[in-house]
Amino acid sequence: MPQPNSPRRKTMFVFCGGMFRSGSTLQYQIVSQLIEDRGLGDRITWHSPEAFSEIRSLHSSSSQMLAFKAHKLTSEMLKEIEHNGAKVITAHRDIRDVVVSAMKKNDWSFRKIWRNDRLRYWTGRFDEWARQPGALVCRYEDLVTDLHGVIKSIADHLDISLSENEIGSLAQEYSLDNQKLRAGQVAIQMQTGRNMSKFDPHSLLHHNHIATAGIGEYRKILLPAQIRAIEDECSDWMMRWGYEADRPQLTISQRALRMTYRR
């Protein structure tokens, strides 16, 4: 087994705290694989963010790196970042595609997402992670189109050296096709009664975790009035993270629909 690049004297949490439906599970898998393969640490299976204090206590005597996935940044996690040097890896995604992905995975309507103010909640949660000192911020779109480059960035962030062959092997292992196969296995296990939790405790993939992973898929799913509503609501956030507004033209009926999405 390859040896660690440098000795670790205390527990170091690696928070994979990406935006909802934006690749944080994939980041968690990559981080976990990297630290486990090198004997540097282990993954913590899914726990609620509020359980982090208990998890930290359980591993207080550890000298390992520990991968922990959470969408919510709690006060206890903040303390871990500020006082113990925990690392943060996060990801953002076009909020319009986030909406579509959430609609598909959770069988939600656009109106439900809008009424529950999910847009500001999701972007706000991401911003909390992204503003942490030294946070590695990735684009979901790069996870889809340049996984090789993202893996290298993550390894560099963790001070882990990888050869080009190792990066290529990891990129293949966590390709979209292989991720779909893993999610499919969870669905089979649910059907046969071997897994009733709806997700795999190792990979954290749900049975319906992955659909198409499409970029710009919102243009096929959302109505023009809905696109305009998202862009108006999240214009500053989209500009800050490099997402250009479409500003589709609205018919009379679409303008009337847009008026129903007022705050």
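For this chain, numbers begin at 1 and follow the sequence in order.
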- Message: Counting neighbours of CG on Leu58 that are heavy atoms of other residues, nucleotides or ligands and sit closer than 6.0 Å, is the number greater than 12?
- Response: yes
- Message: Just verifying a value: how many Å separate Ser175 OG and Asn178 CG, rounded to the nearest 0.5 Å?
- Response: 3.5 Å
- Query: Should Lys180 and Asp177 count as an ion pair when the cut-off is N to O under 4.0 Å?
  - Reply: no
- Please indicate whether Glu50 has more than 12 foreign heavy atoms, meaning atoms of other residues, nucleotides or ligands, lying under 6.0 Å from its CD. yes
- Task: Given side chain to side chain contact (heavy atoms under 4.5 Å, CB included), test Leu119 with Trp114 step by step and report yes or no.
- Result: CA-CA 7 Å; Leu119 304 183; Trp114 185 263; 3.6 Å; yes
- Message: Same cluster or not: Val137 versus Val88, using hydrophobic residues (I, L, V, M, F, W, Y) connected whenever any side-chain heavy atoms lie under 4.5 Å apart?
- Response: no
- Go through the side-chain N and O atoms of Arg56 and Thr11 and say whether any donor and acceptor fall under 3.5 Å apart. no
- Does the side chain of Arg21 come under 3.5 Å of the side chain of Ser101 through a donor N or O and an acceptor N or O? yes
- Mind telling me whether His92 and Trp241 have parallel, tilted or perpendicular rings, with 30° and 60° as the class edges? tilted
- Message: When you group the ILVMFWY residues by side-chain heavy-atom contacts below 4.5 Å and let the links chain together, are Leu136 and Phe68 in the same group?
- Response: no
- Task: For residues Tyr218 and Val98, determine if any side-chain heavy atom of one lies less than 4.5 Å from a side-chain heavy atom of the other.
- Result: no
- Query: How close do Glu231 and Pro248 get, heavy atom to heavy atom, and via which atoms?
  - Reply: OE1-CD, 4.0 Å
- Under 4.5 Å between any side-chain heavy atoms of Tyr140 and Met19, yes or no? no
- For the pair Glu233 and Arg120, find out whether any cationic side-chain nitrogen is under 4.0 Å from an anionic carboxylate oxygen. yes
- Task: Quick one: pull up NZ in Lys105 and CG in Asp107 and give me the separation to the nearest 0.5 Å.
- Result: 11.5 Å
- Could you tell me which non-hydrogen atom of Ser22 sits nearest to which non-hydrogen atom of Leu143, and how far apart they are? O-CD1, 3.9 Å
- Message: Does Asn116, at its CG atom, have more than 12 non-hydrogen atoms belonging to other residues, nucleotides or ligands within less than 6.0 Å?
- Response: yes
- Quick one: which of Phe126, Phe20, Tyr28 gives a ring-ring contact (aromatic ring centres under 6.0 Å, His included) with His71? Phe20
- Query: Side chain of Gln33, backbone of Ile30: donor and acceptor closer than 3.5 Å?
  - Reply: no
- Query: Do Asp246 and Arg219 meet the salt-bridge criterion of a basic N to acidic O distance under 4.0 Å?
  - Reply: yes
- Query: Atom CZ in Arg118, atom OG1 in Thr123: separation rounded to 0.5 Å?
  - Reply: 11.0 Å
- Query: Are Glu80 and Lys87 ion-paired here, with the side-chain N under 4.0 Å from a carboxylate O?
  - Reply: no
- Message: Evaluate His59 against Ile55 for side chain to side chain contact (heavy atoms under 4.5 Å, CB included), listing each step before the verdict.
- Response: CA-CA 6 Å; His59 295 275; Ile55 296 299; 3.9 Å; yes
- Residue Lys152 excluded, over 12 heavy atoms near NZ under 6.0 Å: no
- Task: Provide the closest heavy-atom pair for Ala67 versus Ser32 in the form atom of the first, atom of the second, distance.
- Result: CB-OG, 3.5 Å
- Query: Taking the side chain from Glu141 and the backbone from Asp94, do they hold a donor-acceptor pair closer than 3.5 Å?
  - Reply: yes
- Message: Quick check for you: to the nearest 0.5 Å, what is the distance between Arg182 atom CZ and Thr25 atom OG1?
- Response: 12.5 Å
- Task: Would you sort out whether Phe110 and Ile221 count as a side chain to side chain contact (heavy atoms under 4.5 Å, CB included), showing the intermediate values?
- Result: CA-CA 10 Å; Phe110 180 86; Ile221 306 297; over 6 Å; no
- Taking C-beta and beyond as the side chain, do Pro49 and Met77 meet within less than 4.5 Å on heavy atoms? yes
- Task: Would you mind reporting whether Glu166 and Ile151 have side-chain heavy atoms less than 4.5 Å apart?
- Result: no
- Task: Say whether, by atom type as modelled, one donor and one acceptor occur between the side chain of Trp129 and the main chain of Gly17 under 3.5 angstrom.
- Result: yes
- In plain terms, say whether Glu128 and Lys72 are close enough for a salt bridge, that is, a side-chain N and a carboxylate O under 4.0 Å apart. no
- Same cluster (ILVMFWY, side-chain, under 4.5 Å), Trp237 and Val100: yes
- Message: Once rounded to the nearest 0.5 Å, what's the spacing between atom CZ of Arg262 and atom CG of Asp232?
- Response: 7.0 Å
- Message: What I want to find out is whether Asp127 reaches Arg240 closely enough, with some N-O distance under 4.0 Å, to be called a salt bridge.
- Response: yes
- Message: I'd like to know if the side chain of Asp142 reaches the main chain of Gly149, judged simply by a donor and an acceptor atom lying under 3.5 Å from each other, with no hydrogens or angles considered.
- Response: no
- Task: Group every Ile, Leu, Val, Met, Phe, Trp and Tyr by side-chain heavy-atom contacts under 4.5 Å, then state whether Ile154 and Ile44 land in the same group.
- Result: no
- Close side-chain approach of Ile35 to Leu66, heavy-atom, < 4.5 Å: no
- Task: Quick one: closest heavy-atom pair of Gly214 and Asp97, and the distance?
- Result: O-OD2, 3.8 Å
- Query: Which distance, rounded to the nearest 0.5 Å, do you find between the CG of Leu26 and the CG of Leu204?
  - Reply: 11.5 Å
- Is any side-chain heavy atom of Met65 closer than 4.5 Å to a side-chain heavy atom of Phe13? no
- Query: Which atoms form the tightest heavy-atom contact between Pro201 and Thr45, and what is the distance?
  - Reply: O-OG1, 2.6 Å
- Report yes if the side chains of Leu158 and Leu40 come closer than 4.5 Å at any heavy-atom pair, otherwise no. no
- Shortest non-hydrogen contact between Tyr174 and Leu147, atoms and distance: O-CD2, 3.5 Å
- Using the six-membered ring of Tyr261, assess whether NZ or CZ of Arg258 lies under 6.0 Å from its centre and within 45 degrees of the ring axis. no
- Any Lys/Arg nitrogen of Arg139 or Asp146 sitting under 4.0 Å from an Asp/Glu carboxylate oxygen of the other? no
- Item | Short side-chain donor-acceptor distance under 3.5 Å, Asp200 and Ser203 | yes
- Are the charged groups of Lys79 and Glu76 less than 4.0 angstrom apart, N to O? yes
- Task: From the options Ile89, Ile81, Thr90, Leu73, select the one residue that forms a side chain to side chain contact (heavy atoms under 4.5 Å, CB included) with Phe15.
- Result: Ile81
- Task: May I ask you to check whether over 12 heavy atoms, not counting those of Arg115, lie within 6.0 Å of atom CZ?
- Result: no
- Query: Hey, does Gln254 have a side-chain heavy atom less than 4.5 Å from the side chain of Thr251?
  - Reply: yes
- Message: If we count only N and O atoms by modelled type, under 3.5 Å, do the side chains of Gln29 and Gln179 hold a donor and an acceptor together?
- Response: yes
- Query: Which is it for Glu173 and Leu170 under the side chain to side chain contact (heavy atoms under 4.5 Å, CB included) test, yes or no, and what are the steps along the way?
  - Reply: CA-CA 5 Å; Glu173 182 171 353; Leu170 275 174; 4.3 Å; yes
- Message: Assigning hydrophobic clusters by single linkage (Ile, Leu, Val, Met, Phe, Trp, Tyr; side-chain heavy-atom cutoff under 4.5 Å), is Leu222 placed with Trp108?
- Response: yes
- Query: With no hydrogens and no angle check, do the side chains of His148 and Glu164 hold a donor and an acceptor under 3.5 Å apart?
  - Reply: yes
